[in-house]
Q: 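The following block contains the structure, expressed as structure tokens.
Proteins get letters first, then strands, A, B, ... in listed order; numbering begins at 1 in each. These values consider heavy atoms only, across backbone and side chains, with no hydrogens, waters or symmetry-generated copies.
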Amino acid sequence: MSSLTLTPTNALASALNSSRSSVAIAVLDGLSIAHVAARKGQSAALAARVKELFGVTLSQTPRIATGSNVSFVWAGPDQWLAMARADTNPDFERDLRGKLEGLASVADQTDARALATVRGPNARHVLAKGVPIDLHPKAFPAGSAAITHASHIGVLMWLSEADDTFTLACPRSYASSFWNWLTESAVEFSPAVGE
Amino acid sequence: MRISCPYCGERSLDEYLYIGDATVTRPDPAGANAQADFYKYAYERTNPAGAHKELWYHSAGCHAWLVVERDTRTHEISSVETAKDVALKRNVAKGGA
Amino acid sequence: MLIDHYSIWNVLRQSLKGHTGWKPAWREPEPKAEYDVVIIGGGGHGLATAYYLAKRYGITNVAVVEKGWIGSGNVGRNTTIVRSNYMLPGNIPFYELALQLWEGLEKDLNYNAMVSQRGILNLYHSDGQRDAYARRGNAMRLHGVDAELLDESQVQSMYPWFDYDNARFPIKGGLIQRRGGTVRHDAVAWGYARAADRLGVDIIQNAEVTAIRIENGRATGIETKRGFIRAKKLALSVAGNSSRVAAMAGLKLPIESHVLQAFVSEGIKPFIDGVVTFGAGHFYISQSDKGGLVFGGDLDGYNSYAQRGNLPVVEDVLEGGMALMPRIGRVRLLRSWGGIMDMSMDGSPIIDKTPIDSLYLNAGWCYGGFKATPAAGLTFAHLIARDEPHDTARAYRLDRFATGRMIDEKGMGNQPNLH
Amino acid sequence: MSASQTNRITGKGLIDRRKPLRFTFDGKSYDGFQGDTLASALLANGVVLTGRSFKYHRARGILSAGSEEPNAIVELRAGARREPNTRATMIELFPGLEAHSQNRWPSLKYDVLSINSLLSPVFVAGFYYKTFMWPSAMWEKLYEPMIRRAAGLGRASDEADPDTYDKSNAFCDVLVVGGGAAGLMAALTAGRAGARVIVCDEHFDLGGRLLSETQLVDGKPAHDWVRAAVAELRAMPEVQILTRTSVFGAYDTGTFAAVERVADHLPKPGVHQPRQRLWRIIAKQCVLAAGATERPIVFGNNDLPGVMLASAVRTYINRFGVMPGKTAVIFANNDEAATTARDLATVGVRVAAIVDSRPQPSAAVRDAAKTTGARLVSGVVADAKGRIAVKGARIVPAAGEAFDVSCDLIAVSGGYNPNVQLTTHQNGRPQWNETLAAFLPGSSPKGMTVVGSAKGTFSLPDCLAEGAQAGAAAATAAGFSAHVPQVPKAEAESYGVVPMWRVKEAKHKAFVDFQNDVAASDIDLAEREGYRSVEHVKRYTTLGMATDQGKTANVNGLAILAALTGKSIPETGITSARPPYSPVSIGALAGHHRGKEFKATRLPPSYYWAKEQGAVMVEAGLWMRPQYFPRAGETDWLETVTREVKTTRSAAGICDVSTLGKIEIQGADAGTFLDRVYINMFSTLGVGKARYGMMLREDGIVLDDGTTARFAQDRFFMTTTTVNAVKVMQHLEFCHQWHWPELDVQMASATDQWAQYSVAGPRSRELLAKLVDAPFDISNEGFPYMAVAEITVCNGIRARIYRLSFSGELAYEIGVPARYGDSLIRALMAAGQEFGALCYGTEALGVMRIEKGHVGGPEINGTTTAADLGLGKMASTKKDFIGRVLAGREGLKDPSRPALVGFRPVDRSARLRSGSHLLPKDAGNFASNDQGYLTSVAYSPMNGHWVGLGLLSNAASRMGEIVRAYDPVRNGDTLVEVVSPVFFDPEGERLRV
Ligand SMILES: Cc1cc2nc3c(=O)[nH]c(=O)nc-3n(C[C@H](O)[C@H](O)[C@H](O)COP(=O)(O)OP(=O)(O)OC[C@H]3O[C@@H](n4cnc5c(N)ncnc54)[C@H](O)[C@@H]3O)c2cc1C
Ligand SMILES: NC(=O)c1ccc[n+]([C@@H]2O[C@H](COP(=O)([O-])OP(=O)(O)OC[C@H]3O[C@@H](n4cnc5c(N)ncnc54)[C@H](O)[C@@H]3O)[C@@H](O)[C@H]2O)c1
Ligand SMILES: Cc1cc2nc3c(=O)[nH]c(=O)nc-3n(C[C@H](O)[C@H](O)[C@H](O)COP(=O)(O)O)c2cc1C
Ligand SMILES: [Zn+2]
């Protein structure tokens with residue numbers, strides 16, 4: 001048995017340490033994330049299974065749906081990112097793969113993305129500086145999701161159903177540039193930072 | 001220019017990549033004139049001034065390939081379908097014939 | 001008697017008479033019923049072809065048929081860069097021939113097209129890019145063409161104000177061809193037109209070709225907005241519209257038409273001496289003799305005949321500009337425009353006979369055909385006059401895609417918008 | 001009031017007299033007020049001469065009061081913020097403003113190059129094309145430098161722009177361009193319906209012409225109505241007002257570009273404030289209410305300071321409270337003469353004469369002449385008199401003798417040109433209207449409605465009504481129910497224009513394009529010389545090509561041309577307007593993306609650790625990767641890299657390879673799918689194994705290579721090269737969705753999910769053994785070459801281990817979830833300490849792959865086939881795959897195609913360089929002897945000399961031959977021997993131990 005232990009680091013937190021300014025945004029950590037893609041011809045069966053297991057109706061459009069302990073955010077045609085708390089779901093991907101056997105392909109994405117949340121009255125102004133989609137509440141109501149880019153960096157984003165919080169997930173390796181953009185965009189509004 | 005992705009909604013040009021003509025399809029590699037057919041498939045283009053069916057990739061979005069019909073003189077888009085649907089229909093047509 | 005010859009003395013003489021004595025640069029003839037050669041397309045290439053047919057091959061019963069005004073196509077909308085810094089054997093001698101013809105152009109045409117050999121510098125930002133430029137420079141040198149590989153300090157001494165300290169992709173050096181430079185684009189069209197006209201060539205404007213007549217597998221003439229014109233030989237030189245015109249003869253070409261935008265800033269006092277291309281983004285620039293920064297970048301990326309572009313590329317190009325030259329932030333963009341180009345499937349041109357008798361094709365110039373103008377004209381004229389390719393243009397065959405002998409400088413394969 | 005502001009009118013204007021501002025022009029200090037433009041403040045101070053023209057260096061003053069200004073352009077600010085060619089008419093005054101005139105030496109008043117004006121008979125249009133041809137070498141040496149010294153107007157800053165620029169995306173139902181009467185009414189109407197409205201105006205106040213005129217709206221001064229309208233708009237939550245914002249481009253599908261001058265009216269931007277902001281506006285509907293621009297009349301000396309557009313005269317009086325002269329002559333072909341005369345007279349300017357070029361001056365004009373006491377002349381102003389400012393006008397009446405009138409102001413109106421530019425950005429062609437003598441919008445972009453004077457509707461009540469209608473229609477089209485409201489009352493003005501393009505009685509040069517010094521005689525000359533298309537005239541004379549894009553010149557120019565050719569104006573046509581509508585700073589278009597933020601940066605998991613180690617970083621695409629890890633005492637990179645290679649080959653080396661593209665490929669048909677995209681077989685690959693694969697483009701050229709592992713029957717894990725990761729993903733999705741949608745395949749990018757390290761070298765197994773958790777058997781038997789496994793390391797952290805080798809050593813790749821990447825590199829280094837392990841960078845990686853003859857980016861360069869790279873045998877003959885058929889073309893099978901071989905220098909101490917060309921040993925330096933080139937070279941520590949890979953013609957038969965590696969651009973010429981591309985451990989024994 002190895003005497004060496006590994007400890008995780010958060011990509012945004014690392015970026016935060018080296019970034020130039022702070023903003024009214026927070027790093028979101030502690031989620032287990034898996035990519036779920038329906039197998040050929042299994043969309044309906046998958047939806048039924050997910051409904052049965054998690055009480056969630058998989059959205060066929062860009063939205064997030066939250067069930068008992070698991071959220072499914074649309075991630076492309078017949079694809080979702082399933083998210084759950086990491087502390088209670090350490091083996092999330094494998095569990096899911098087992099549970100969705102034959103119905104979906106599952107791939108771990110827990111580490112593939114860095115997540116940040118943005119909220120407050122100026123959230124939309126901040127995001128508009130890089131996100132080229134309409135975030136007006138009429139066009140992007142609570143629960144909406146989108147795959148797009150922010151200042152040339154790919155993001156999957158959604159607006160929580162519960163409160164007015166945007167979550168943006170960018171590829172992990174882009175975290176530092178993403179953070180620079182976000183802070184620079186927010187700085188005009190004298191924001192505050194949280195974890 | 002903005003293209004309506006059937007999945008994601010209307011998005012600006014810079015979310016998409018273009019590959020070209022969607023009226024040519026991969027020939028039968030076992031066909032008698034495979035090399036000539038593949039030459040035509042890979043190289044010869046109608047390149048019309050007017051309606052053009054073409055393949056776009058929603059690279060910054062959902063990664064769907066789309067078949068877009070667009071007027072090359074005005075850039076006006078008349079239809080968007082997913083490449084997958086078009087391909088499935090095409091395959092059915094091929095199989096059915 | 002109207003004066004024809006251009007010189008400072010005649011200008012001075014005319015200045016005393018209110019410049020009333022100049023002969024028009026070209027006539028406005030009515031089309032004849034038949035010509036030995038009809039060239040479709042009054043761009044740089046078409047006009048140069050006519051000129052060389054008359055001048056070098058003695059064929060003067062020639063018409064150039066242009067749909068709008070001469071020079072309205074890409075010759076009038078390009079970024080004016082001339083160079084012969086190519087890499088592949090099929091290309092270098094050809095573009096070098098062009099450069100040599102540029103060097104003697106003014107005297108040849110008696111028209112000052114302001115050929116300015118102020119040097120073209122291609123920047124590199126990595127060791128890999130450096131070696132690729134070395135490969136190119138060496139190939140040029142083997143062809144007797146000038147090329148020098150510069151290191152960072154040499155580049156710094158030429159352009160001390162590039163972003164060296166804070167660059168995302170630091171400049172490591174550059175490949176320079178000092179004989180490269182710029183030429184005043186419109187003057188090329190006008191100079192060739194005038195010189196061809198003097199040799200008897202008819203320049204027929206506002207005569208869009210709408211059909212090609214083919215009789216027994218042979219092209220015999222064209223339908224135009226100004227009537228039918230019979231031709232013993234018919235030559236296509238319509239740049240971005242090659243597919244459309246070739247389709248009139250039933251041909252499909254290995255070409256797509258794409259839009260490329262170009263930009264000019266407000267006129268400012270000159271500070272950029274040569275032509276510079278950025279190696280870490282799509283941006284290249286020179287400064288015109290009027291003071292405008294003339295620059296460009298990548299294709300818009302989709303088939304288009306609209307002759308105008310869209311916003312994303314505008315931003316992309318100017319991001320490149322600011323990354324390389326942070327001092328131009330407060331200089332203003334004055335105008336942007338687009339040109340429709342034949343993007344060929346390997347990024348190289350086609351100068352060849354077609355499968356149809358007496359129909360000749362000059363096409364596929366992508367965004368590099370301005371610099372080629374004199375050589376394209378000369379070699380195309382040779383092909384038309386002699387029915388066999390000129391030595392330097394032998395590789396530009398129409399069937400090279402079928403045979404697998406592409407001339408692919410960029411290695412992008414059959415995806416035209418990547419060349 | 002400041003004593004210097006001699007032309008300030010007491011009690012007039014919308015300036016804030018409580019806020020005096022001090023500024024300098026050409027070093028001299030002046031006073032103005034908040035709400036002034038530089039132009040109005042200069043006029044208030046009696047400054048009339050503001051610049052010199054481009055070519056002839058003629059004296060130039062203020063012509064207009066807007067963005068069309070061709071004359072009064074100055075250098076603004078200094079140092080890093082110096083900004084050339086800025087229109088004085090658009091610069092808002094701020095405290096400490098510093099402006100300089102341009103294009104003059106030594107001073108504005110005494111400009112040496114004004115001698116050019118005397119030479120103007122020589123410097124006509126086309127001058128350069130006819131001269132300077134001899135001797136041709138002199139062009140670059142003498143003539144061109146001379147020309148370039150005189151070129152341009154202002155000077156760009158010498159320093160990097162210190163300000164920041166922002167971009168923002170906006171979406172709306174209705175975009176209203178222009179906040180004049182028509183635009184405000186449209187915005188109010190659409191806003192009241194609940195639509196999301198954005199109103200942009202390039203001026204700092206909304207109101208348009210209403211700020212400049214004395215009209216009444218609903219019985220009150222027009223700007224009261226403006227104030228109320230703006231207040232109402234501001235109170236609407238869905239309405240956004242953007243002043244100081246020019247909409248400069250109309251692009252496809254309702255995309256508009258606008259630039260907001262956020263801080264240009266301040267001495268410098270505030271902390272965290274961008275200087276300007278680029279707006280990308282996506283609008284469902286657009287109401288273009290951009291107004292109209294008055295045009296001058298082409299008469300002699302019409303460029304003299306003191307000649308001013310009549311509408312500008314009224315603006316300076318009414319909006320800025322400035323008297324633009326003491327004695328005025330008005331020259332017009334329409335009823336604007338009347339309004340202008342009244343406004344002048346009201347503030348005490350003597351109107352010496354109204355010269356009306358129409359056959360019959362209208363009642364309005366006759367009336368105005370009477371009330372102002374002006375002499376009414378039916379005729380023309382033939383010439384302005386004066387040298388650097390207007391001193392008088394030479395008037396030629398329709399009947400009778402010419403006579404002179406002294407004056408210091410000539411107010412001209414040649415009629416209005418609707419601002420149709422944005423309707424033409426998508427190739428719309430404006431249409432000539434004979435009655436209005438103007439081009440009106442032809443076809444506009446989809447969703448755009450043009451209203452007000454932009455459409456040729458020149459009377460206020462109609463502008464208001466049209467605005468209201470268009471606002472309602474636009475809101476309705478965007479899905480709202482809107483009502484056309486009662487519009488406020490206003491009196492209709494008369495117009496009655498009758499064209500007067502060119503005063504034939506002019507004795508002096510008569511200018512059409514002021515900034516580019518294009519005179520009517522230049523158009524004559526162009527026409528005579530055969531440049532008869534309007535586009536030829538433009539390019540030959542440069543008419544309309546200056547910074548104002550001929551806003552005041554183009555229509556006059558084409559009308560003059562039409563008269564010369566005998567064609568009608570619509571037959572002659574107009575040149576196209578292109579974006580931008582008015583010039584836009586380059587900084588704004590670049591925004592955030594400059595300097596280090598030019599492109600995003602991707603950091604591999606070991607990045608922060610490597611920085612701590614003092615690694616030298618290198619850009620690899622968007623990635624920043626450690627290039628090598630220098631140690632104290634090492635003198636150059638080669639020494640470091642050599643140590644890294646030697647240590648790896650003798651002990652162990654660790655390299656972060658997380659940047660490789662990684663794709664999870666799953667589904668029942670995943671194997672079949674891979675068979676079709678790779679040239680070799682993958683469906684037969686055993687679970688728990690990996691295989692090297694190569695894929696082609698459809699044209700038969702190699703696209704990429706990499707290893708793919710199989711973790712389950714229906715689950716593969718593909719790796720791609722770092723540079724091609726995105727391209728391969730796109731290709732696979734294309735193949736799946738377009739070619740074979742019937743296959744059951746799902747893909748997910750996992751590039752960022754895994755931190756992956758290569759652990760190579762004879763001690764790598766021992767090293768890894770310290771990390772892997774039991775019961776994993778890492779022995780050679782338990783985990784042989786090309787085996788893969790899902791395991792845990794360091795007490796339960798999930799990991800994937802692959803027995804792969806790029807270096808040719810016994811080697812592994814170990815992947816852990818990326819959040820453990822930083823920790824894992826530290827653990828690996830700690831574990832490796834006892835074996836002398838080190839971390840190596842991309843350089844050593846390259847050296848080892850070259851020693852092993854593995855192909856990389858320089859060989860897979862988009863022009864090579866599998867056979868060229870010596871890998872043709874990998875291609876399966878049992879199946880089809882992408883690229884197979886076209887790879888069979890004769891040209892791609894030609895045996896003379898250069899193919900991969902190795903090279904070593906004959907003189908073992910010689911250095912090799914990539915990019916050297918290969919020539920036969922005794923052949924001359926001619927292209928005909930060119931037989932290939934070196935693709936990759938390295939100093940091989942294992943061989944003790946440089947080695948190279950290269951592509952050489954007829955390579956197969958040339959082993960042992962000596963050829964030249966010729967590198968003239970680096971003065972290199974080295975004899976090399978053709979050898980096998982594998983320089984180290986050719987049997988591959990080391991990697992299987
Ligand atoms: C923005 C831009 C920048 C460029 N920059 C450079 C550069 O820096 N260096 C360089 O070397 N190259 C450059 N190029 C490419 C170069 O301009 C072209 O390759 C070259 O001008 C093409 O040849 P041409 O002059 O004959 O074409 P054109 O001038 O386009 O001539 C073709 C003519 O054919 C006419 N025509 C078309 N259809 C018909 C018809 N049916 N009937 C009659 N006439 C017809 C057209 O009206 C046109 O006048 C650039 C191109 C663009 C668009
Ligand atoms: N007497 C006459 O014959 C006559 C002639 C012309 C105009 N007028 C008067 O002019 C007014 C016309 O009203 P209107 O609303 O049509 O025009 P306007 O000139 O009042 O307003 C147009 C506004 O658009 C702005 N603008 C123009 N282009 C822009 C762009 N690209 N981006 C941002 N802003 C831009 C201008 O700054 C201006 O404020 C009326 O008051 C009318 O009475 C009268
Ligand atoms: C090298 C070059 C320099 C140019 N300089 C200017 C310029 O200084 N001012 C200007 O208005 N346009 C300039 N143009 C652009 C032309 O006005 C015009 O936009 C271009 O020729 C395309 O034609 P179009 O816009 O009529 O389609 C320039 C074009 C080129 C090719
Ligand atoms: Zn999509």
Q: Can you tell me if Arg528(D) uses its side chain to pair, donor with acceptor, with the backbone of His19(C) under 3.5 Å?
A: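 A pair under 3.5 Å: yes.
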
Q: Could you tell me whether Glu75(D) and Lys269(C) have a side-chain N and a carboxylate O separated by less than 4.0 Å?
A: no

Q: Quick one: what part of Leu311(C) sits under 4.5 Å from any heavy atom of chain D, side chain, backbone, both or neither?
A: both

Q: Between the main-chain N or O of Val969(D) and the side-chain N or O of Asn138(C), is there a donor-acceptor pair closer than 3.5 Å?
A: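 At least one qualifying donor-acceptor pair exists.
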
Q: Using non-hydrogen atoms only, which part of Gln205(C) is less than 4.5 Å away from chain D: side chain, backbone, both, or neither?
A: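 Just its side chain gets close to chain D.
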
Q: With a 3.5 Å distance limit and no angle check, can you tell me whether Asn112(C) reaches the backbone of Met133(D) through a side-chain donor-acceptor pair?
A: no

Q: For Tyr531(D), which of Trp22(C), Trp69(C), Trp190(C) qualifies under ring pair (Phe, Tyr, Trp, His ring centres under 6.0 Å)?
A: Trp190(C)

Q: Any donor and acceptor pair, going by atom type alone, linking the side chain of Ser336(C) with main-chain N or O of Pro579(D) inside 3.5 Å?
A: yes

Q: Should the pair Asp163(C)-Lys596(D) be classified as a salt bridge under the 4.0 Å nitrogen-to-oxygen rule?
A: no

Q: Could you tell me if Arg168(C) sits above the aromatic ring of Phe598(D), with its cationic atom closer than 6.0 Å to the ring centre and no more than 45 degrees from the axis?
A: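 Pair Arg168(C)/Phe598(D) does not count as cation-pi.
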
Q: By a 4.5 Å heavy-atom criterion (distance strictly below it), what part of Ser72(C) contacts chain D: side chain, backbone, both, or neither?
A: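 Ser72(C) has no heavy atom closer than 4.5 Å to chain D.
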
Q: Which region of Ile272(C), side chain (C-beta onward) or backbone (N, CA, C, O), has a non-hydrogen atom less than 4.5 Å from a non-hydrogen atom of chain D, or is it both or neither?
A: backbone

Q: Hey, is the main chain of Arg330(C) close enough, under 3.5 Å, to the side chain of Arg275(D) for a donor-acceptor pair?
A: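 Not at all, since once roles are kept as given, no pair shorter than 3.5 Å links the two residues.
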
Q: Hey, is Asp186(C) close enough to Lys538(D) for a salt bridge, meaning N to O under 4.0 Å?
A: no

Q: Working to the nearest 0.5 Å, report the span between CZ of Arg184(C) and OH of Tyr128(D).
A: 11.5 Å

Q: Under 4.5 Å from any heavy atom of chain D, what part of Lys107(C) do you find: side chain, backbone, both or neither?
A: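 Looking at Lys107(C), just its side chain touches chain D.
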
Q: Let me know if Phe271(C) has heavy atoms under 4.5 Å from chain D in its side chain, its backbone, both or neither.
A: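 Only the side chain of Phe271(C) comes within 4.5 Å of chain D.
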
Q: For Ile70(C), is it the side chain, the backbone, both, or neither that has a heavy atom closer than 4.5 Å to a heavy atom of chain D?
A: both

Q: Can you say whether Thr403(C) sits under 4.5 Å from chain D via the side chain, the backbone, both, or neither, judging by heavy atoms?
A: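 Both the backbone and the side chain of Thr403(C) come within 4.5 Å of chain D.
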
Q: With a 4.5 angstrom heavy-atom cut-off, is it the side chain or the backbone of Met406(C) that approaches chain D, or both, or neither?
A: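 Contact with chain D: side chain only.
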
Q: Could you check whether Thr86(D) and Arg332(C), counting side-chain N and O atoms only, form a donor-acceptor pair closer than 3.5 Å?
A: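 Note: Arg332(C) and Thr86(D) side chains meet the donor-acceptor criterion.
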
Q: Strictly by modelled atom types, are Tyr966(D) and Arg141(C) linked by a side-chain donor-acceptor pair under 3.5 Å?
A: no

Q: Is a donor on one side and an acceptor on the other found under 3.5 Å between the side chain of Asn310(C) and the backbone of Asp252(D)?
A: yes

